[in-house]
Amino acid sequence: MSKTPQAIRGTQDIFGPDAEAFAFVVETFERVRKLYRFRRVEMPVFEKTEVFSRAIGETTDVVSKEMYSFEDRGGDSLTLRPEFTAGIARAYLSNGWQQHAPLKVATHGPLFRYERPQKGRYRQFHQIDAEIIGAAEPQADVELLAMADQLLKELGIDGVTLYLNTLGDGDSREAWRAALVEHFRAVKDELSEDSQERLEKNPLRILDSKDRRDQRFVADAPKIDQFLSGDARAFFDAVTSGLDAAGVKWTRAESLVRGLDYYRHTAFEFIPDEGSEAASKLGSQSTILGGGRYDGLMESLGGAPTPAVGWAAGIERLAMLVGDRVEPKADVIVVVENDDLIDSAIAAIARIRAGGHPAELMATGSPRKRFDKAVKAGANKIVAFDMRDGAEHVRIKADDEETASLVKLLG
RNA sequence: GCGAUCGUAGCUCAGUUGGUUAGAGCGCCGGUUUGUGGUACCGGAGGUCGGGGGUUCGAGACCCCUCGAUCGCCCCA
């Protein structure tokens, strides 16, 4: 038994270039979110278990086997949030945020899912999230997708395609689902074991099965388009024409479905193109940003029918795609080459930092090697304190203009 | 939850069919050298070989268990 405790499986200690990439994703999201006028919200990390079980659906994998649920000291069943949407919906209802509708909100933070860890999949992971609540218009879907598209562009991520589908309204979705069950039940024995199970729990999922045995029957499976009501079709057409107008490229994916029960109408995922650099960085975790419309969710939490759309993206997955970000170098390094001058150096670096320059003090280790360490650290401005002829001597290594401004700063 | 591969200094790795005191490079610390500079040389610290058990005269290596990482399935962001 080793004496130092190990980190919990599936958690990460993010440091160095990885932490810089993580911060870059969050900072870029914050900037883009303001561009689209989404308001910032902070949400609890845990909720009553029923918030998730009712909103997401009892039969989903997330609820039935991936939640971190526990009883608190008062005997209530609580759950560490496995996603943002259900908690935001609960907050919308319990705080009377209807008065702000249509409400555009954004947040980010940790989520928890008890899954087998893999590259790009963790038990504590982090998402950025954007929601528009109380907006029934297809323009809301368009705005949300335009924001996602711009975010990915500003992160410098390319080789990614937006796949778009509609699940229709509640009636369309149910009719389609029933037809799918009928279609696949006829050939049940020839389906993969996984899909035979999906037939009962989540028949839509059979459509994106990777198993060859299933794919034979997927090709001629009923299409959602056959079941779309006139309104549902008009809604989807409005979304796609809005995307075209916004300059957002998209691809129709008829078999794209979402795992959670609450989705209606628009469903979408941003997925790296096969064979692209992005795809190889992500391994088998292909979706980097996904979401859709969830008009039925509020009712499952006891609220009035409320239309809403949202998406979430995994920060770790995005960070893998933006690549290593170098930690910024110090603007100025103050080197103490003689320990008697430490106080002079402390006074100097205080002024430099007050002047707005990121600065580092180099005053440990062999005095003779400190200057070399400063040079090696890559600072372009170095202020060195040393004794020369029995008196304090300050040397500045920088170009002339910078030297002048440093001299002024140091008085 | 299922299947597979892998765990040796801080990092990247070597370590012969099982055989003395487990090594190298980089990094770190110290000394000398250089002295408007990222040099060179010398020295040092740092490993219960992921953890536990077993086989053996002897295990870093072989076997079992366990923990973790990675890859695929499932699921998802």
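From a predicted model like this one, the values you see are computed outputs, not experimental measurements. Convention: sequence-line order gives letters A, B, ...; per-chain numbering from 1. FYI, side chains are in, hydrogens and waters are out, and symmetry mates aren't considered; it's all heavy atoms of this structure.
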How about [X] and [Y]: does a side-chain donor come under 3.5 Å of a side-chain acceptor?
X        : Y        : answer
A:Gln127 : A:Glu83  : no
A:Tyr294 : A:Glu131 : yes
A:Ser195 : A:Asp214 : yes

(message) Is the positively charged end of A:Arg81 above the ring of A:Phe112, judged by distance under 6.0 angstrom from the centroid and angle within 45° of the axis?
(response)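 That pair does not qualify as a cation-pi contact.
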
Candidates [options] - the one meeting side-chain contact (heavy atoms from CB on, under 4.5 Å) with [X]:
X        : options                                : value
A:Leu207 : A:Asn165, A:Leu180, A:Ile224           : A:Leu180
A:Val332 : A:Glu360, A:Glu402, A:Arg353, A:His357 : A:His357
A:Ile288 : A:Leu155, A:Ile271, A:Leu318           : A:Leu318

Whole-Å gap separating [atom2] ([N]) and [atom1] ([X]):
X        : N     : atom1 : atom2 : result
A:Met67  : B:C76 : CE    : P     : 14 Å
A:Lys376 : B:C26 : NZ    : C1'   : 10 Å
A:Phe268 : B:C76 : CZ    : C1'   : 15 Å
A:Asp372 : B:G31 : CG    : C1'   : 15 Å
A:Arg9   : B:C67 : CZ    : P     : 8 Å

Are OP1 or OP2 of [N] and a side-chain N or O of [X] less than 4.0 angstrom apart?
X        : N     : answer
A:Arg368 : B:G37 : no
A:Lys373 : B:G30 : no
A:Lys119 : B:C71 : yes
A:Ser366 : B:G31 : yes
A:Arg205 : B:C74 : no
A:Lys210 : B:G72 : no

(message) Judged by each residue's nearest nucleotide on RNA chain B, which is more toward the 5′ side, A:Leu282 or A:Val62?
(response)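 By nearest-heavy-atom nucleotide position, the 5'-most residue is A:Leu282.
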
(message) Nearest heavy atom decides the nucleotide; on that basis, is A:Glu83 or A:Thr11 closer to the 5' end of RNA chain B?
(response)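 Comparing both residues, the 5'-ward one is A:Thr11.
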
At 4.0 Å (heavy atoms only), tell me whether [X] reaches a base, stays on the sugar-phosphate, or touches nothing.
X        : value
A:Arg317 : base
A:Tyr122 : base
A:Gly120 : base
A:Glu193 : nothing
A:Gly10  : sugar-phosphate
A:Arg370 : nothing

(request) Identify whether the distance between the nearest side-chain nitrogen and carboxylate oxygen of A:Asp141 and A:Arg293 falls below 4.0 Å. (result)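 A salt bridge links A:Asp141 with A:Arg293.
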
(request) May I ask you to decide whether A:Arg370 forms a salt bridge with A:Asp339, counting only side-chain N to carboxylate O separations under 4.0 Å? (result)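 The answer is yes: the pair qualifies as a salt bridge.
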
What's the gap between [N] and [M] when it is taken at their [atom1] atoms, as a whole Å value?
N     : M     : atom1 : value
B:U66 : B:C57 : P     : 28 Å
B:A45 : B:G30 : C1'   : 10 Å
B:U17 : B:G25 : C1'   : 29 Å
B:C28 : B:G72 : P     : 36 Å
B:G52 : B:G15 : C1'   : 24 Å
B:C11 : B:G47 : P     : 13 Å
B:C2  : B:C29 : C1'   : 49 Å
B:A40 : B:G53 : P     : 47 Å

(request) Measure the OG-CD distance between A:Ser192 and A:Glu197 for me, rounded to the nearest 0.5 Å. (result)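 Reported value, rounded in 0.5 Å steps: 10.0 Å.
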
(request) Give the nucleotide from the list B:A77, B:C75, B:G37 with an atom nearest to the side chain of A:Arg198. (result)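 Of the options given, the side chain of A:Arg198 lies nearest B:C75.
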
(message) Is the distance between the ring centroids of A:Phe22 and A:His126 under 6.0 Å?
(response)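 Yes, the ring centres sit under 6.0 Å apart.
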
(message) Between A:Arg113 (side chain only) and A:Met67 (backbone N and O only), is there a donor and an acceptor less than 3.5 Å apart?
(response)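 Answer holds: no.
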
(request) At under 4.0 Å between heavy atoms, which parts of nucleotides 1-7 of chain B does protein reach? Answer with one letter per nucleotide, 5' to 3': B base, S sugar-phosphate only, - none. (result) BBBB---

(message) As a check on the pairing definition, encode RNA chain B in dot-bracket form, counting Watson-Crick and G-U wobble pairs whose two distances are under 3.5 Å, and using | for partners outside this strand.
(response) (((((((..((((.....[...)))).(((((.......))))).....(((((..]....))))))))))))....

